[in-house]
Amino acid sequence: STSSISSIEEFLSRECGVCPHCADLIAANDDIIDGANSNDDGIQPPKKDSHCSVCFGLMTPSYRKNSIMPKIMDSLRPYCRPRSLSKNSSEHSRDDGNLDQELNSPVTINPKDGNYLTKDSPTVNIPWLIAVRAQAAIAASQCFLRDKTNDNSTSSLSLRSAEEVYNQIKGSVRSSIRSALDSLSNMDQDGVTNDGDQDIDEYGVRLSSTLIEEECGFLGIHLLFLPPSLAEMKSNFNNVENSNDEIALLVIPKTLQSLLQRNKQQLHQIHSRALNPRKRFRGNDPTLKQGGDPRCNLEFRVRSMFADQLKKFDESNTNQNETDRNHSEVKRFKLADLRNNCSEAIVGGNSKEVARNTVGLNTWSTIISWLQRSTVSEWLAEEVSNGDPTQLATWFRTLNESKAVSLCSTHAATWRLPFCIRGTYTKSRRDVSQTPFFVPSNQEDHLSQKMVRKGISSIEEEICTPLSLLGCGGISNQNNENVWSTAFGEGGDKAGATVYGMCKFHASGREDMDVRMLLPPPSVVKLAEKTNIKITARPFVCEVFDAHRLPCKIDLDRVVKAVNCSDSIDDKTPPTKVNGKDLEKDKNGWPRTLAEPNQNYGRNPIGVGVSYPLGIVPSSSFSGLQSETEEKVKFYACVCWTDVFIASDDELIGKLGCAKLGSEEDINNQSPPYKYPLEIHQSTPLRVLHRRSSDVRSRFIMGLSAKRIDDHWFRLRLSTSAGTYVKEFVHGDCGRTLPSIQSMLGGRTDITELDCEGMAI
């Protein structure tokens with residue numbers, strides 16, 4: 001009897017099992033109840049372990065404390081490790097004692113460690129089943145108002161729509177979690193510290209206002225809530241037959257069940273596409289590719305994990321006879337870990353004939369867990385247009401009487417937004433590529449899955465590996481799509497897989513594997529200082545996704561030392577000249593150049609070195625790399641051969657119309673009789689025509705100097721505009737580059753060595 005109930009809030013709380021928070025939302029009461037106290041009408045808040053038939057407990061403080069926050073803390077822990085545990089270790093290693101201390105230490109979001117929350121955190125995804133339950137509660141309220149038509153104070157109240165209640169619950173859950181997260185740090189709602197200008201030691205991270213505005217390296221949090229499984233509902237529902245349709249009525253009303261049955265095939269296809277998303281081809285090489293979104297990956301992992309569990313569980317019962325199988329069909333769904341069941345097509349439990357005519361329990365659980373907004377909106381429109389809330393209200397009150405109400409399951413994902421580390425690099429070997437270089441083992445079959453590596457290493461690996469491990473404390477794999485530790489011991493990154501957490505290497509242009517990347521020689525540096533030109537090694541930016549921590553200055557200094565294999569931060573390779581010469585002959589008798597003093601960083605035996613200091617920069621530095629590539633002037637040195645007899649330096653420089661190598665005109669040869677700057681026209685080189693569009697491009701040789709080695713060998717030093725193919729400028733590329741060194745000498749010419757000696761910025 002509802003005769004003694006005077007308000008909608010009291011009716012929903014007492015007769016329908018709705019928590020006071022949801023009751024106030026449905027009744028459009030702006031004074032939302034604090035779950036810790038009773039309201040003005042005397043309604044007591046839900047007990048600590050009570051459930052709500054609308055929000056499944058999401059709005060109750062006990063659920064936030066006991067279910068949501070522990071999940072968030074577990075996902076935050078890898079990103080909030082205390083730096084003090086690794087201050088005394090040059091490699092940030094932790095022994096077992098420190099690891100135990102770390103696992104037991106409280107999680108704090110400390111801005112001094114560069115840990116800020118994004119303004120949008122946490123984003124939440126709550127089940128659309130809540131909107132269905134909200135509409136049922138609204139229908140029950142309408143029936144209550146209809147029975148109370150003589151009570152003006154009750155009948156005059158307005159009710160929110162189901163979508164409004166859904167959005168209010170979503171906003172309230174997000175707001176309450178955000179407040180709890182802010183209490184773990186000294187940040188306000190905008191993610192700004194409240195301590196003002198703090199004293200940050202050498203292990204701290206100080207972000208500029210630009211980096212804070214861009215949220216570089218900030219922590220994002222996403223929460224995915226799923227409704228209780230049919231098995232949990234059924235375990236609390238007494239006196240119900242074991243038919244799948246009746247079990248589904250524990251969760252959804254009959255009208256929605258009919259709508260889902262009509263659209264069963266379409267909904268099944270949506271779920272199948274979610275488990276098998278279409279992806280673009282990104283090559284056969286075994287290197288990992290960066291991509292994806294942590295929120296989408298979380299949903300994919302949750303879907304896949306429970307689908308795999310059901311599949312393995314079903315395979316373990318394939319040898320049972322038909323009688324035992326029918327007996328265990330209902331029993332096995334009582335397992336608590338089967339919260340999100342996959343469709344019959346994946347599990348293969350029932351025959352195809354049965355699947356065509358009925359909806360199995362697995363299918364019902366899958367459809368209900370992943371209800372689409374479009375489906376719920378269509379059902380809501382039908383319910384509103386129906387006008388008679390009696391049937392829906394009866395179902396909702398019966399649901400409360402059966403006590404078939406349980407809590408949502410919580411899944412959390414935390415990730416660190418990408419940030420950029422900028423520096424410059426040198427490369428002193430001719431067998432190191434810029435990025436890992438793989439080619440098909442069978443050159444005639446380019447679609448072959450087997451790939452072989454070229455070169456001993458790559459600049460990306462030599463820089464990104466120390467940066468990831470020493471600078472960033474490692475890269476998280478908990479937000480990758482296909483990495484998930486299961487009870488069956490599976491998981492791990494497959495070769496060539498797409499992952500979210502990764503250190504991506506970007507450079508301002510690239511040199512071929514057989515081209516060295518050096519610093520300018522002293523003679524060029526001296527002239528550059530006179531002409532106010534700054535020449536550096538090749539700039540690069542490492543874009544780090546999902547790092548465990550933001551690197552501090554000490555971390556970045558360690559990275560420089562590790563890459564350069566040197567105890568000194570600003571170390572350059574000593575002179576490599578032999579007996580004062582800058583040339584020597586290889587085993588074939590060909591001239592080979594030696595690097596001049598201090599032309600590359602460090603002492604790495606792989607030949608890769610980085611400049612000091614490395615620093616965290618805004619994302620605009622990454623986009624600026626491309627514009628710099630198109631605008632800067634590059635400097636090269638090369639060794640060339642020609643079948644034309646070269647009698648002297650004067651004859652050589654006379655034919656080329658350039659200066660003698662080593663003179664002051666190495667960079668700007670603009671006075672007569674020099675030809676430079678010289679405009680050349682280059683068709684797309686034959687060696688790259690298979691991957692670049694065919695076109696004729698105008699480029700400029702800004703300066704050129706030459707020096708005779710012997711009758712057929714000579715050296716060149718030149719400066720060019722960005723985008724010039726220097727090898728093709730030397731040998732002419734079968735006449736596709738004009739003019740060229742070959743055309744100016746009048747005979748066959750080729751290049752045997754090429755070095756990039758810096759870039760003007």
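Between Asn477 and Val499 there is no side-chain heavy-atom pair separated by less than 4.5 Å. Here the side chains of Phe635 and Thr720 are not in contact, with every heavy-atom distance at 4.5 Å or above.
Judged by distance alone, the side chains of Asn479 and Asp546 do bring a donor and an acceptor atom under 3.5 Å apart. Residues Ser611 and Tyr601 have side chains that never bring a donor and an acceptor to within less than 3.5 angstrom of each other. Residues Arg697 and Thr684 have side chains that bring a donor and an acceptor to within less than 3.5 angstrom of each other. Residues Glu215 and Thr118 have side chains that never bring a donor and an acceptor to within less than 3.5 angstrom of each other. Arg295 and Asn125 share no side-chain donor-acceptor pair at under 3.5 Å. With no hydrogens or angles considered, no side-chain donor-acceptor pair links Glu460 and Thr435 at under 3.5 Å. Side-chain atoms of Gln269 and Ser272 include no donor-acceptor pair closer than 3.5 Å.
Remark: side-chain polar atoms of Ser67 are not paired, donor with acceptor, to backbone N or O of Arg64 under 3.5 angstrom. Here the side chain of Arg549 pairs no donor or acceptor atom with the backbone of Cys472 at under 3.5 angstrom. With Ser176 contributing its side chain and Val173 its backbone, the two residues share a donor-acceptor pair below 3.5 Å. Listed for the Ser121 side chain is a donor-acceptor partner under 3.5 Å among the backbone atoms of Ile221. A distance-only check finds no donor-acceptor pair linking the side chain of Tyr636 to the backbone of Val726 [under 3.5 Å]. Remark: the backbone N or O of Gln478 is paired with a side-chain donor or acceptor of Ser476 at under 3.5 angstrom.
Residues satisfying the side chain to side chain donor-acceptor pair (under 3.5 Å) criterion with Ser468, sequence neighbours excluded, are absent altogether.
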**Report entry** Test log, rule side chain to side chain donor-acceptor pair (under 3.5 Å), inputs Tyr425 and Gln434
**Finding:** CA-CA 11 Å; Tyr425 75 84; Gln434 189 180 83; 2.9 Å; yes
Report task. Applying side chain to side chain contact (heavy atoms under 4.5 Å, CB included), run through Leu211 and Phe419 and close with a yes or a no. Result -> CA-CA 9 Å; Leu211 294 174; Phe419 58 91; over 6 Å; no
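Results of the salt bridge (charged side-chain N to carboxylate O under 4.0 Å, His left out) test with Asp514 over Arg430, Lys727, Lys454, Lys427 single out Lys727 as the only residue that passes.
Under the 6.0 Å cut-off for aromatic ring centres, His506 and Phe622 qualify, their centroids lying closer than that.
A salt bridge links Glu299 with Arg303: at least one charged nitrogen is closer than 4.0 Å to a carboxylate oxygen. Ion pairing between Lys561 and Asp557 fails under the 4.0 Å rule for side-chain N and carboxylate O.
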